[in-house]
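Structure first, then comments.
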Amino acid sequence: MENENTSAPLSAELLEQVKLLKRGAQSVVPDNGLEQKLARSASTGKPLKIKLGLDPTAPDIHLGFAVVLRKLRQFQDLGHQVIIIIGDYTALIGDPSGRSATRPMLSAEAVHANAMTYVDQLARILDRDKTVVRFNGEWLGKLDFAQLVQLSSKFTVARIMEREDFANRFSQHLPISLHELLYPLAQAYDSVAIEADVEMGGLDQTFNILAGRDLQEKEGQDPQIALFMPLLVGLDGVKKMSKSLGNYVGIAESPDVMFGKLLSISDTIMRDYFVLCTDVSLEEIDKLIKQAESGEVNPKDVKRRLAREIIDIYHPPFTAEDGSLVSLSARADEEWHRVHAAGQAPADMPETVLSDDLFADDTIWICKLLVAAGMAKSNGEAMRLVQQGGVSLNGDKVTDSKANVSRTIVDNAVLKVGARRFARLILAS
RNA sequence: GGGGAGAUACCCGAGUGGCCAAAGGGGACUGACUGUAAAUCAGUUGUGUAACACUUCAGAGGUUCGAAUCCUCUUCUCCCCA
């Protein structure tokens, strides 16, 4: 309706770009903003500035986070500029209970160290040469109190309290510290500082990104486009993927681990994973999902395909010295079947070295063994595991929680707990 | 500034002198069924080689034969009023 005075129709090439960039996106605000920005960039020859803000407190990258990064990579491949903003300053002032005066200084360094490992990990997905990294302390640190007051006068309390998590916490009588209200302002100010054209984020960033648009407009800038990617659901199929919930696949994890984790996701979220985590075409994805749903193909095999597609991205196939192509995803697939279909021990498993003092009369109590191997937190937990039939040694189920195992049996043995936890036991010598 | 409520195990949450190692849910783990899916069912979920003992209910003291429960102080949170 209100598009009557928008620019001329886009070229076929730009339409193609828009289609690619919108793949998997949850929403773009405003609707046709991306088209306009791209068209302007094409006509002026100026690359767009694509902003992503990062909190430097948790330097681990998993598939959920990779969704956004992969989208950034697409922008890079189309010639645009990606600006990663490390929220060093927001993280510094963010600690709700900074007790001593020395602590902020320490964490300043920790923040910086975290940020650097972050950048290293980002390079796994982004084109490092086309990525600009900036710390928001660069401009936030220069604001004096008067400027902060000025900045905060541009937002009302009611407006800030619209943010979902604030509203929720408020209605549940949970504490909200005053400084937390400044977060959206700080993030919005970041957009002004770098004159962002597009800000990427998960849907949980809605408020902050839109605040950026407001502020840019008030500062006389062309407001940034908000490009929201959905939050990838975690392995449990319910909550968002996050490390703290333990329902994640890290992009630096081994092919074997990735394969196992991906094969354990719910059928219902396979499609999302295909769309957001792989480059398989949407047409083919629809076909695969349809086949799985109709029973034409075992859903498990579709999931295998998914796992292999994802593994190929983070552990790409390479050419060996003899000229043959080595596919790590294929290896992981084979390994999985060897272990879980054929019931054999995995080729690689964590090793536990057992020191002499664990043994008495050349035997060791099974529960002690489990604790030593890190497979149980306490003897009590170990006993329960044994009693529940979850423990086996060299393929033989251990049924007696009081059993003592002789040294010779333990040497080089495979200890298994539950369906998927293995350890190789090695005697110290 | 004044008044009131609260802090319980991974999380939520019952418990207001002994029957409390602490209900119920969620989560997690183990087993069965499977496709290491989901759903479902059963069991486990403070520590100790364990029908006994030990350490836990924000922190520190106290009352009592006996405290998560009562008292005092401290820390933190929420609500109402100003």
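Proteins come first, then strands; the chains are lettered A, B, ... in the order of their sequence lines, and each starts at number 1.
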Tell me which nucleotide, if any, is Watson-Crick or G-U wobble paired with [N] when both distances must be under 3.5 Å.
N	answer
B:G6	B:C76
B:C70	B:G62
B:C29	B:G43
B:U56	none

Quick check on B:A51: syn or anti? Syn means the glycosidic torsion is within 90 degrees of zero. syn
Filtered N/O pairs between nucleotides 74-77 of chain B and protein, under 3.5 Å:
none

Residues [X] and [Y] bridged, charged N to O under 4.0 Å:
X	Y	value
A:Arg384	A:Glu381	no
A:Arg424	A:Glu351	no
A:Glu335	A:Arg331	no

Please determine, for the side chain of [X], which listed nucleotide ([options]) has the closest atom?
X	options	answer
A:Arg421	B:A38, B:U47, B:U30	B:U30
A:Phe170	B:U49, B:U44, B:C79	B:C79
A:Asn379	B:G35, B:G48, B:U44	B:G48
A:Lys303	B:U30, B:U44, B:A37	B:A37

Hey, could you give me the [atom1]/[atom2] distance between [X] and [Y], rounded to the nearest 0.5 Å?
X	Y	atom1	atom2	value
A:Ile85	A:Leu52	CD1	CG	8.5 Å
A:Ser406	A:Asp362	OG	CG	8.0 Å
A:Arg73	A:Leu78	CZ	CG	11.0 Å

Would you indicate what A:Asn247 reaches in the nucleic acid, counting non-hydrogen atoms under 4.0 angstrom: base, sugar-phosphate, or nothing?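 The answer is nothing, as A:Asn247 stays clear of every strand by at least 4.0 Å.
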Please state whether the phosphate of B:C29, meaning OP1 or OP2, lies under 4.0 angstrom from any side-chain nitrogen or oxygen of A:Arg420. no
May I ask you to evaluate whether A:Ser378 reaches the phosphate of B:G48, defined as a side-chain N or O under 4.0 Å from OP1 or OP2?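 True: A:Ser378 side-chain N/O within range (under 4.0 Å) of B:G48 OP1/OP2.
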Can you confirm whether the side chains of A:Asp77 and A:Gln74 place a donor and an acceptor under 3.5 Å from each other?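 No pair is found: no donor N or O on one side chain lies under 3.5 Å from an acceptor on the other.
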Side-chain donor-acceptor pair present, A:Trp365, A:Asn379, cut-off under 3.5 Å: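 No, because no side-chain N or O of A:Trp365 sits under 3.5 Å from a partner of the opposite role on A:Asn379.
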Toward the 5' end of RNA chain B, which comes first, A:Leu235 or A:Ile364, by nearest nucleotide?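 That would be A:Leu235.
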Both A:Lys377 and A:Lys239 contact RNA chain B. Which one's nearest nucleotide lies toward the 5' end?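 Final value for this comparison: A:Lys239.
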Which residues, if any, of residues 388-400 of chain A bring a heavy atom under 4.0 Å of RNA chain B? A:Gln388, A:Gly389, A:Gly390
A:Asp267 (side chain) and B:G35 (base): donor-acceptor pair under 3.5 Å: yes
Under 30°, 30 to 60°, or over 60°: which ring-plane class applies to A:His62 and A:Tyr248, parallel, tilted or perpendicular? tilted
